[in-house]
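Contents: one structure, followed by commentary.
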2 protein chains.
Amino acid sequence: MTEPLHRVLVIDDELAIRRFLRHSLNPEQFELLEAETGEEGLRLIATKEPAVVLLDLGLADIDGVEVARQIREWSQVPIIVLSAREQDHDKVAALDAGADDYLTKPFSVVELQARIRVALRHGSLATGALPPAFIAGDLEIDLLARLVRKGGVEVHLTPNEFKLLAALVKNAGRVVTHKQLLTEVWGPDFAEEAHYLRVYMGQLRHKLEDEPAQPRLLTTESGVGYRLRTE
Amino acid sequence: MTEPLHRVLVIDDELAIRRFLRHSLNPEQFELLEAETGEEGLRLIATKEPAVVLLDLGLADIDGVEVARQIREWSQVPIIVLSAREQDHDKVAALDAGADDYLTKPFSVVELQARIRVALRHGSLATGALPPAFIAGDLEIDLLARLVRKGGVEVHLTPNEFKLLAALVKNAGRVVTHKQLLTEVWGPDFAEEAHYLRVYMGQLRHKLEDEPAQPRLLTTESGVGYRLRTE
DNA sequence: GAAATTCCTGACAACTTCTTGATCATTTTC
DNA sequence: GAAAATGATCAAGAAGTTGTCAGGAATTTC
């Protein structure tokens, strides 16, 4: 399962740090934007709307704390400060200026990654007004609200039907193997009970397809698994 | 100007740490609650609703990471881990389990205070976005005023009925699981007493629905939980 | 401390969901 | 293109969940 792509902006004038980050953040998971100055960083936040900002304090043009303050005048994007300064008052100043986290160089890659995941969680909560909905044709699937609509009309799904659909939505467009689906919905002990899938896929098709016998959304990949088509 | 009073819960079995925090956090600004075990901590989160939780990893009963995971099953309260463990994998495990920040002991008081301020900012964003009043049809629910009106007429609710309704309002439109509801209303020790929900949902329906037998607002998601419909 | 309210609990009926086997259709393999 | 493997459909009984009611315990109120 591939993660969605998150845009991360690093504002740091040291090439070494930017290069380090470029190698630390898996490009399949993160799209890394780079800014050398505070000015450029602010512009990129406005134009590219990154999901997280990694901010160095020792910039050439504007002080990092001031950059954080200016970001906070109009943006709620999570800011993680990366700095060599380990004095308390630097940390306090940055955090009070609006930064959400503060990592002292040198830091470990896995810790940075974990803290980025925390920041992404916060970001999606704050902007979470927009539901993580899947839409294809007249079908709307909102996993968070646990709500499915077809042509604007709510469709009732049983717990297993919903879990199965959720597993497909999380991998929308890709084939999900029988084993994977069975494990996610019924647990690893049922990984061979492929018959369950036929019954439940049938029920989902009846509820969600225009012509259940000729499925266009929930398609079979014979011998492999099923797929939720994205269009 | 007096600062608002923020309730902070510390979960730590070491008396020394609790005493240290008691002296570090200005009592005019913070009301400090203390729990010695994970069990007690979970109960206090449910009953006292602290604004921030300070969590030690090395507890006597449950592992701190597991405590964080259990909190996240039903609560969004910000969690700052305070731990002597400085291994990367401890940090990553705690942050991925749902913690929002991780401080390694010994930490400085001013840094802790600054990180608590960050956590409070996050907390007020997450909960502050919630509407103080919910309106659907002829039903008006004002959580702050603790007032419920149906067709302009005030409806009297018992304490438990109101807490249950409040938990649903806070997640209006979304399904709220049995566990989540039970934990919020009765506390984590009652997370399996699904029968309570049937009785109290029945009472709420009698007071709030036009046709209690055919609920339109307070609907059942069989096997999952209940939902307060928004339209 | 008596009255009123609220809470907990058990019994049972009604309802929903899950599992399962039989049968037929489709796809893949040789 | 026939045989074998895989997939779809249907229906019915089993299992699990939910709604309802009511009496007694506990708590709160006056």
Side-chain angles (χ1 to χ4, degrees), chain A residues 146 148 154-168 175-187 189-228, chain B residues 47 146 148 154-168 175-182 184-187 189-228:
Chain A
R146 212 175 185 290
V148 177
E154 196 174 326
V155 178
H156 173 79
L157 298 184
T158 71
N160 280 355
E161 286 166 6
F162 187 84
K163 278 197 239 173
L164 178 56
L165 183 61
L168 289 164
V175 180
V176 191
T177 64
H178 297 140
K179 195 169 179 178
Q180 211 175 325
L181 290 170
L182 287 161
T183 307
E184 276 206 47
V185 179
W186 283 271
D189 296 348
F190 295 78
E192 308 303 322
E193 302 285 341
H195 185 49
Y196 287 10
L197 286 182
R198 300 196 192 104
V199 174
Y200 277 84
M201 285 302 298
Q203 288 168 189
L204 279 180
R205 283 169 173 159
H206 261 275
K207 294 183 178 183
L208 304 179
E209 294 276 1
D210 291 318
E211 286 178 89
Q214 319 246 306
R216 306 178 60 79
L217 285 132
L218 300 163
T219 58
T220 304
E221 302 285 331
S222 195
V224 186
Y226 294 88
R227 178 205 306 265
L228 174 62
Chain B
T47 54
R146 210 187 174 288
V148 177
E154 191 175 332
V155 178
H156 172 78
L157 296 184
T158 72
N160 279 356
E161 286 166 5
F162 187 81
K163 276 200 238 174
L164 178 57
L165 184 61
L168 289 164
V175 174
V176 192
T177 63
H178 298 138
K179 193 170 183 179
Q180 209 174 331
L181 290 170
L182 287 161
E184 283 201 41
V185 178
W186 283 271
D189 297 346
F190 295 79
E192 308 303 320
E193 301 287 339
H195 186 51
Y196 290 10
L197 288 181
R198 290 181 209 119
V199 175
Y200 278 82
M201 284 302 297
Q203 289 168 188
L204 279 180
R205 282 169 173 159
H206 262 276
K207 294 183 178 182
L208 304 179
E209 294 276 1
D210 291 319
E211 285 179 273
Q214 317 247 309
R216 305 177 61 77
L217 286 130
L218 299 164
T219 59
T220 304
E221 300 284 329
S222 195
V224 186
Y226 293 88
R227 180 204 308 268
L228 174 63

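Given the structure is predicted, the values throughout are model-derived calculations rather than measurements. Naming: A, B, ... by sequence-line order, numbering from 1 per chain.
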Give every donor-acceptor pair under 3.5 Å between a side-chain atom in residues 211-223 of chain A and any protein atom, sequence neighbours left out.
unit_1: A:Thr219; atom_1: OG1; unit_2: A:Arg229; atom_2: NH1; d: 3.1
unit_1: A:Thr220; atom_1: OG1; unit_2: A:Arg205; atom_2: NH2; d: 2.7
unit_1: A:Glu221; atom_1: OE2; unit_2: A:Arg227; atom_2: NE; d: 3.1
unit_1: A:Glu221; atom_1: OE2; unit_2: A:Arg227; atom_2: NH2; d: 3.2

Contacts table for residues 192-199 of chain A: side-chain donor-acceptor under 3.5 angstrom, sequence neighbours left out:
none

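First and last contacting nucleotides of DNA chain D toward chain A (any atom under 4.0 angstrom from a heavy atom, 5' to 3' order): D:dT6 to D:dC10.
Residue A:His178 holds its NE2 atom at 5.0 Å from OH of A:Tyr226, rounded to the nearest 0.5 Å. Atom CG in B:Leu182 sits 11.5 Å away from atom CG in B:Asp189 (nearest 0.5 Å). Atom OH of A:Tyr200 is separated from atom CH2 of A:Trp186 by 6.0 Å, given to the nearest 0.5 angstrom. To the nearest 0.5 Å, atoms CG (A:Leu168) and CD (A:Glu184) are separated by 9.0 Å.
Look at CG on A:Leu204: it is 11 Å from P on C:dC18, rounded to the nearest Å. For B:Leu157 and C:dT5, the CG to P distance is 15 Å, given to the nearest whole Å. As rounded to whole Å, 15 Å separates atom C1' of C:dT20 from atom CG of A:Leu197. When the P atom of C:dT6 is taken as reference, atom NE2 of B:His206 falls 16 Å away, rounded to whole Å. Look at CG on A:Leu164: it is 14 Å from C1' on C:dC18, rounded to the nearest Å.
For the residue pair A:Pro159 and B:Val224, the shortest heavy atom distance occurs at CG-CG2, 4.0 Å.
Scanning for side chain to side chain contact (heavy atoms under 4.5 Å, CB included) contacts around A:Lys179 gives A:Thr177, A:Thr183, A:Ala191, with sequence neighbours left out. By the side chain to side chain donor-acceptor pair (under 3.5 Å) test, B:Asp210 is found to be paired with B:Lys150, residues two or more places apart in sequence or in another chain being considered. Among residues two or more places apart in sequence or in another chain, the ring pair (Phe, Tyr, Trp, His ring centres under 6.0 Å) test is passed with A:Phe162 by none. Looking at residues two or more places apart in sequence or on another chain, you find no side chain to side chain donor-acceptor pair (under 3.5 Å) involving B:Glu209. The side chain to side chain contact (heavy atoms under 4.5 Å, CB included) search around B:Val185 returns B:Asn160, B:Lys163, B:Leu164, not counting sequence neighbours.
In the helix from C:dG1-D:dC30 to C:dC30-D:dG1, the terminal helix axes, each the rotation mapping four pairs' C1' atoms onto the next four within five end pairs, subtend 50°, rounded to 10°.
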What pairs of nitrogen or oxygen atoms, one from the protein and one from nucleotides 7-12 of chain C, lie under 3.5 Å apart?
unit_1: C:dC7; atom_1: OP1; unit_2: B:Asn160; atom_2: N; d: 3.2
unit_1: C:dC7; atom_1: OP2; unit_2: B:Thr158; atom_2: OG1; d: 2.6
unit_1: C:dC7; atom_1: O5'; unit_2: B:Tyr200; atom_2: OH; d: 3.2
unit_1: C:dC8; atom_1: OP2; unit_2: B:Trp186; atom_2: NE1; d: 3.0
unit_1: C:dT9; atom_1: OP2; unit_2: B:Tyr196; atom_2: OH; d: 2.6
unit_1: C:dG10; atom_1: N7; unit_2: B:His195; atom_2: NE2; d: 3.3
unit_1: C:dG10; atom_1: O6; unit_2: B:His195; atom_2: NE2; d: 2.9

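Of all the residues in residues 213-226 of chain B, B:Ala213, B:Thr220, B:Glu221, B:Ser222, B:Gly223, B:Tyr226 reach under 4.0 Å from DNA chain D with at least one non-hydrogen atom.
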For A:Glu161 and A:Leu208, run side chain to side chain contact (heavy atoms under 4.5 Å, CB included): C-alpha distance rounded to whole Å, both residues' side-chain angles, the deciding distance at 0.1 Å, then the answer. CA-CA 11 Å; A:Glu161 286 166 6; A:Leu208 304 179; over 6 Å; no
